[in-house]
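Report on the structure given below.
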Amino acid sequence: MKDTYRHQGMRNKLAEIVEAKGISDQRILRAIKKIPRHLFMDSSFEDHAYQDKAFPIAASQTISQPYTVAFQTELLEIKKGDKILEIGTGSGYQTAILLELGAVVYTIERQKELFKKTNLFLPKLGYKPKKMIFGDGYKGLKAEAPFDGIIVTAGAPFVPKPLMAQLKVGGKLVIPVGNEIQTMTLFTRKSNKEFEKKELGEFRFVPLLEDRN
Ligand code: SAH
């Protein structure tokens, strides 16, 4: 598949739509204009790539809606060089946005098929996470903790304790919490023991699955 002027035009429109919905961080809008989202989906769905919608990818998973990706990313308030842990690599689109903002990204995926596919695909586009891990995001990534930010891109029935524990003081955890419908929740670590919690509206994600293997 190729990236063309037509795709570029559609991306510019998509960025306008996302901006109109309330995203103001220009770095994120620039990343949306730059990243060829159609290449993160199967070629037959190319025309859907630049609508502001979630879409099925491999293994019954979805590529998140661009607005949702932008919303979660904005909450992280990323500075260049920040160490960010992503739970749910999926297509790698969110990963690419984080990398465009200059984050050092660690990303975890539990679906073998998706993990393999995205592990090969992202570097081909020039996107190089610090580590891509096949594993269970409920545990976080203790060996690399603490993180400036943790972003969960699947609906979590509860907030996994290890993710809170792996935040730096001042760090942020963005996580959609709930079963059928999730409440976007932002935790900021104020001190070793204190977390500030904000709830920021309802979203719908595929579930964060517990490893039964
Ligand atoms: N950021 C992705 C969103 C993919 S959907 C994108 O924009 O494409 C959520 C992803 O979380 C799926 O790929 C799913 O397999 C993965 N996932 C679900 N439970 C998980 C877990 N416990 N650990 C890691 N990844 C998980």
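None of the values given here were measured: they were computed from a predicted structure.
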Is the closest side-chain heavy-atom distance between [X] and [Y] below 4.5 Å?
X    : Y   : answer
Y93  : I32 : yes
K2   : P36 : no
Y127 : I35 : yes
T118 : T95 : no

Where at least one partner belongs to residues 4-28, residue pairs that pass ring pair (Phe, Tyr, Trp, His ring centres under 6.0 Å), sequence neighbours excluded: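 Qualifying pairs: H7-H38.
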Identify the two heavy atoms, one from [X] and one from [Y], that lie closest to each other, and give their separation to 0.1 Å.
X    : Y    : answer
A154 : P176 : O-CG, 3.5 Å
A156 : L208 : CB-CD2, 3.8 Å
A70  : V18  : CB-CG1, 3.8 Å
E113 : A59  : OE1-CB, 3.8 Å
G137 : I108 : N-CG2, 4.0 Å
L29  : A15  : CD2-O, 3.5 Å

What about [X] and [Y], same hydrophobic cluster or not, with Ile/Leu/Val/Met/Phe/Trp/Tyr joined at side-chain heavy-atom distances under 4.5 Å?
X    : Y    : result
I57  : F55  : yes
V159 : V169 : no
V69  : L186 : yes
V206 : V177 : no
V174 : L200 : yes

Before accepting this row, confirm whether a basic side-chain N of the pair [X]/[Y] lies closer than 4.0 Å to the acidic partner's carboxylate O.
X    : Y    : result
D52  : K21  : yes
K197 : E199 : yes
D82  : K172 : no

Expected output: side-chain [X] to main-chain [Y] donor-acceptor under 3.5 Å:
X    : Y    : value
Q166 : K139 : yes
E74  : D25  : yes
D148 : I84  : no
T183 : T185 : no
Q72  : V152 : yes
R189 : A165 : yes
R27  : I78  : yes
E109 : G90  : yes
K34  : E100 : no

F205 and S64: CA distance, side-chain angles, deciding distance, side chain to side chain contact (heavy atoms under 4.5 Å, CB included) verdict: CA-CA 8 Å; F205 286 80; S64 301; 4.2 Å; yes
Atom [atom1] of [X] and atom [atom2] of [Y]: how far apart are they, to the nearest 0.5 Å?
X    : Y    : atom1 : atom2 : value
L141 : I133 : CG    : CD1   : 4.5 Å
I151 : Q94  : CD1   : CD    : 3.5 Å
I28  : E19  : CD1   : CD    : 11.5 Å
S91  : L114 : OG    : CG    : 8.0 Å
L122 : K124 : CG    : NZ    : 11.0 Å
I87  : T107 : CD1   : OG1   : 7.5 Å

Within 6.0 Å of NZ in K13, more than 12 heavy atoms from elsewhere: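 No, not enclosed.
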E196, CD atom: more than 12 neighbouring heavy atoms under 6.0 Å: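 Yes - once you tally the heavy atoms of other residues, nucleotides and ligands closer than 6.0 Å, there are more than 12.
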Plane angle bin for F121 and F40 - parallel if under 30°, tilted between 30 and 60°, otherwise perpendicular: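 Because their plane-to-plane angle is over 60°, the rings of F40 and F121 count as perpendicular.
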F71/I23 under side chain to side chain contact (heavy atoms under 4.5 Å, CB included): CA gap, chis, key distance, verdict: CA-CA 7 Å; F71 187 78; I23 302 300; 4.2 Å; yes
Ring centre gap for Y138 and F158 strictly below 6.0 Å: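 Yes, the ring of Y138 comes within the 6.0 Å limit of the ring of F158, centre to centre.
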Distance-only donor-acceptor check, side chains N12 and Q8, under 3.5 Å: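 Distance-only check passes for N12 and Q8.
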Side chain to side chain contact (heavy atoms under 4.5 Å, CB included) between L173 and F195, worked out: CA-CA 10 Å; L173 166 64; F195 292 84; over 6 Å; no
Derivation of the side chain to side chain contact (heavy atoms under 4.5 Å, CB included) call for L75 and M184: CA-CA 10 Å; L75 291 175; M184 191 63 77; 4.2 Å; yes
